[in-house]
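The chains referred to below are lettered A, B, ... by the order of the sequence lines, with proteins before strands, and numbering in each begins at 1. The basis for the numbers below is simple: all heavy atoms, side chains too, and nothing from hydrogens, waters or symmetry mates. In this text the structure is predicted, and so the values were computed from the model without any measurement.
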Amino acid sequence: MVNAAGTFGRSGSHDYILLRASSVIIFLFSLFMAGFFVSTADVTYANWSGLFSNVWMKVFTLLTLTAVLIHGWIGIWQVLTDYVKASGVRAFIQFVFSVGLIVVWLTGLFVLWGV
Amino acid sequence: MKTYTFSIYRYNPDVDDKPHMKEYQLEVEDNQDLMVLEALIKLKEKDPTLAFRRSCREGVCGSDGMNINGKNGLACITHLSSLKSDKIVIRPLPGLPVIRDLIVDMSQFYQQYEKIKPYLINDDKTPPARERLQSPEDRAKLDGLYECILCACCSTSCPSFWWNPDKFVGPAGLLHAYRFLIDSRDTATEERLDELDDAFSVFRCHGIMNCVNVCPKGLNPTKAIGHIKSMLLSRAV
Ligand code: SF4
């Protein structure tokens with residue numbers, strides 16, 4: 001059984017809660033960014049880097065990137081265990097996506113660090 | 001006279017290399033309406049090699065589940081007129097191995113049913129002499145659950161069951177799981193929930209609701225699955 005090996009949470013309910021909670025964070029961040037673009041007539045480098053120099057914005061962004069990592073990890077695992085039956089191929093694709101998600105997270109961390 | 005054209009999935013592993021669709025014509029009197037099962041029996045009189053299961057022929061036994069014009073249902077309670085077409089395509093229930101023609105191997109379906117322990121578990125050391133009583137309210141909780149006839153129309157219409165028939169319990173099994181989880185006389189609620197709390201058994205249900213759409217008894221497995229998810233989640237948080 002491939003019951004849990006590739007996924008993120010400890011159980012089915014744990015996965016379920018992580019998926020829902022992370023989607024709420026991603027939704028709030030998207031809403032916030034949409035609000036920023038709508039309310040800022042002219043997005044310049046100055047107000048863009050000004051926004052991200054706030055500590056709360058760094059935390060909010062990193063929190064969202066963490067949510068993307070978790071959401072993507074579990075989601076990809078669910079889709080792959082549905083559609084990819086050969087376990088070697090599935091493990092490889094999961095590996096590629098998981099590394100990609102971690103790379104996104106780390107890139108975000110260093111970009112935020114530098115602002 | 002009205003002429004129906006049937007296109008029926010045929011496969012006999014002893015003689016056929018692969019499955020094929022075979023066409024049949026059937027004449028029906030203008031003022032007459034047949035059930036799909038009656039039509040199949042008439043076609044079998046002409047072609048005795050055609051194989052399908054049936055038993056009670058009135059929607060109680062659940063033997064003649066099949067895919068009729070793309071929708072799973074019981075042949076014995078599906079009127080030809082309800083199909084609104086004189087072309088009728090009949091295939092076996094999707095997703096399960098075909099034994100012959102419209103007969104599928106239901107082992108995986110029954111294994112999932114077996115997994116949820118479909119019987120009352122009660123660890124009461126001193127059982128009552130005659131029967132375990134239930135209040136009318138508690139008994140009412142079993143309505144919409146106990147009526148299932150295990151025809152497999154729902155589970156074989158469910159993509160999650162197609163992809164993981166060995167790990168996802170499927171709508172029919174989960175409907176029965178909830179029937180025992182909610183039974184006031186059953187004392188194994190926690191153990192039952194423990195066995196369902198993996199990433200597949202229950203949580204592979206993504207609420208597609210094909211099960212609700214096809215159930216010939218009008219039951220709602222998605223709702224039962226939602227209740228099981230709530231029970232699991234309220235333990236987890
Ligand atoms: S829930 Fe309905 S469709 Fe599913 S097995 Fe039971 S009677 Fe058949």
More than 12 heavy atoms of other groups within 6.0 Å of B:D17 CG: no
side-chain hydrogen bond (donor to acceptor under 3.5 Å, both in side chains) involving B:R91 - partner list, sequence neighbours excluded: none
Neighbour count above 12 (heavy atom, 6.0 Å) for A:K85 NZ: yes
Chi angles and distances behind the ring pair (Phe, Tyr, Trp, His ring centres under 6.0 Å) call for B:F200, A:W77: CA-CA 12 Å; B:F200 284 98; A:W77 179 80; 5.5 Å; yes
Side chain proximity check, B:D197 to A:R10, heavy atoms < 4.5 angstrom: no
Residues, nucleotides or ligands: over 12 heavy atoms within 6.0 Å of B:K223 NZ: no
Test item: B:R204 and A:T81 side chains (from C-beta on) under 4.5 Å apart, heavy atoms: yes
Residues of residues 11-39 of chain A with any heavy atom under 4.5 Å of a heavy atom in chain B: A:S11, A:G12, A:S13, A:D15, A:Y16, A:I17
Whether over 12 other heavy atoms sit under 6.0 Å from B:R100 CZ: yes
Exceeds 12 heavy-atom contacts within 6.0 angstrom, atom NZ of A:K58: yes
Side-chain heavy-atom pair A:Q78, B:F203 within 4.5 angstrom cut-off: no
Residues of residues 60-69 of chain B within contact distance of chain A, non-hydrogen under 4.5 Å: none
Qualifying ring-ring contact (aromatic ring centres under 6.0 Å, His included) pairs with a residue from residues 90-115 of chain A, counting only residues at least two apart or across chains: none
